[in-house]
Number of protein chains: 2
Amino acid sequence: MKAVENSKTRGPLLSERLTTSGLRLTRQREQVYRVLLQKRDHPTADEVFLRAKRQMPDISLATVYNCLDALVQCGLVRHVHPGRGGSRFCPNMREHCHFYCEACGGVFDIDWPADHGGVPMPKGFEAKRYEIAIRGVCPDCGARPGHGAPPG
Amino acid sequence: MKAVENSKTRGPLLSERLTTSGLRLTRQREQVYRVLLQKRDHPTADEVFLRAKRQMPDISLATVYNCLDALVQCGLVRHVHPGRGGSRFCPNMREHCHFYCEACGGVFDIDWPADHGGVPMPKGFEAKRYEIAIRGVCPDCGARPGHGAPPG
DNA sequence: TTTCTAATTGGAATTATTCTAGGTTTTGAC
DNA sequence: GTCAAAACCTAGAATAATTCCAATTAGAAA
């Protein structure tokens, strides 16, 4: 029986996007993409590595970096730059912002209203991508008195 | 004669801001701030270190990191996160965006129109700071055919 | 001036990422 | 199918950015 082509991670999307970008579909790339789709908590490369290893013990960290790179290149994944503690990865390709909680370090997707209008560019600047970061306190930490800092 | 209190870098601003945040005014902090004001090209910590050393040969890299941290803490400097190659620092505290040229790596301040309206936060999220990054090609690189990539 | 504490220093340690070299898999031409 | 070329994967080394640490120095309040 042939592999189901529209399962969550093996769908035509991944294969298509890769080949369109001149890249190949490999088990490792599937696995890395699957990991990202499974738990959308903006993991770091290292976290992706640990999760991917559970199903594919021989995958290497270098490969995870390469796969993430490939996925970013073919437009299925965003490379997110929180500023502290390494970059993170996000398979949500809709236009959105990232909210960084200063208390717990969590990263959240926030919708970006379609009517934002953009920022007018000075002459000569060619804008390709916008990335909006919002820093503050998330609902959980806001509700806690200590703002996430462990007591004692 | 007393030191002039409103010279570019020794002005009341630095001293005041530091003490308000419970920090002390030190020669090193002055020097680091002076370096940032002198050439507003969004240097990395290492670049700040090299520039600061010219006038203050004994300053250490660890101190530069500490000083930058202090300046950020007291609201005189922004910590900028380009995503590649280390964070950068910006003494422009007006509301503005950062444009990252993908060809030459340059960082440019772009005005942010006052009427942006902000992004509506979901219930419970408390936004403290917005950071808008724009990636693309700067005027100089756009004018060059190779887009900044060295030929050959 | 004394005293207290924050800040500085150099170097070691840590963390995140990239590089390198060699082995493996995939693809496409025959 | 077979073969060669190209792309890919892997482990471990190397590099880059940042933080940590223990000992000294220097602001600033009394």
Side-chain angles (χ1 to χ4, degrees), chain A residues 3 10 14-33 35 42-50 52-53 55-74 77 79-89 105 107, chain B residues 2-3 10 12 14-35 42-50 52-53 55-74 76-77 79-89 105 107:
Chain A
R10 213 200 165 88
L14 176 56
S15 164
E16 227 173 79
R17 287 298 191 91
L18 284 169
T19 50
T20 300
S21 301
L23 300 164
R24 292 177 183 168
L25 178 63
T26 68
R27 290 190 313 120
Q28 289 84 353
R29 285 171 184 174
E30 281 181 49
Q31 173 68 1
V32 166
Y33 191 41
V35 161
H42 306 81
T44 61
D46 202 65
E47 284 162 351
V48 172
F49 174 54
L50 292 174
K53 270 220 287 209
Q55 306 247 48
M56 190 180 273
D58 289 340
I59 197 171
S60 81
L61 178 57
T63 296
V64 169
Y65 273 101
N66 290 339
C67 291
L68 288 169
D69 224 53
L71 294 170
V72 169
Q73 239 182 86
C74 74
V77 166
H79 195 159
V80 182
H81 310 291
R84 288 238 161 174
S87 19
R88 294 171 173 276
F89 297 87
V107 183
Chain B
K2 274 197 79 182
R10 215 200 163 88
L14 176 56
S15 162
E16 229 172 79
R17 287 297 190 93
L18 284 169
T19 51
T20 300
S21 301
L23 301 164
R24 292 176 183 171
L25 176 64
T26 67
R27 289 190 314 122
Q28 289 84 351
R29 286 172 181 172
E30 281 182 50
Q31 173 69 1
V32 165
Y33 191 42
R34 186 181 302 127
V35 161
H42 305 83
T44 62
D46 203 65
E47 285 163 349
V48 173
F49 174 53
L50 292 174
K53 271 221 287 209
Q55 306 248 48
M56 190 180 272
D58 289 341
I59 196 171
S60 80
L61 179 56
T63 297
V64 168
Y65 273 101
N66 290 339
C67 291
L68 288 169
D69 225 54
L71 293 171
V72 169
Q73 240 183 83
C74 73
L76 285 174
V77 166
H79 195 161
V80 181
H81 310 291
R84 288 234 163 179
S87 20
R88 294 172 173 275
F89 297 86
V107 183

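Predicted model only: the values in this text are computed from it and were never measured. In what follows, chains are A, B, ... by sequence order, proteins preceding strands, each numbered from 1. Reckoned from all heavy atoms, side chains included, excluding hydrogens, waters and symmetry mates.
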The bend of the helix from C:dT1-D:dA30 to C:dC30-D:dG1, taken between the axes of its five terminal pairs at each end and rounded to 10°, is 40°
According to side-chain hydrogen bond (donor to acceptor under 3.5 Å, both in side chains), who are the partners of [X], at least two apart in sequence or on a separate chain?
{"X": "B:S21", "value": "none"}
{"X": "B:H79", "value": "B:S87"}
{"X": "B:T19", "value": "none"}
{"X": "A:Q28", "value": "none"}

Contact check, residues 42-50 of chain A vs DNA chain C, heavy-atom distance under 4.0 Å, returns none
Could you pull out all residues at least two apart from [X] that satisfy side-chain contact (heavy atoms from CB on, under 4.5 Å)?
{"X": "B:P82", "result": "B:R88, B:Y100"}
{"X": "B:Q73", "result": "B:L23, B:D69"}
{"X": "B:F49", "result": "B:D46, B:K53, B:I59, B:L61, B:V64"}

Pairs: protein N or O with nucleotides 26-28 of chain D N or O, under 3.5 Å:
{"residue": "D:dG27", "atom": "N2", "partner": "B:R24", "partner atom": "NH2", "Å": "3.4"}

Counted 5' to 3', the first and last nucleotides of DNA chain C within 4.0 Å (strictly under) of a heavy-atom of chain A are C:dA16 to C:dT27
Ordered by number, residues from residues 61-71 of chain B within less than 4.0 Å of DNA chain D (heavy atoms) are B:L61, B:A62, B:Y65
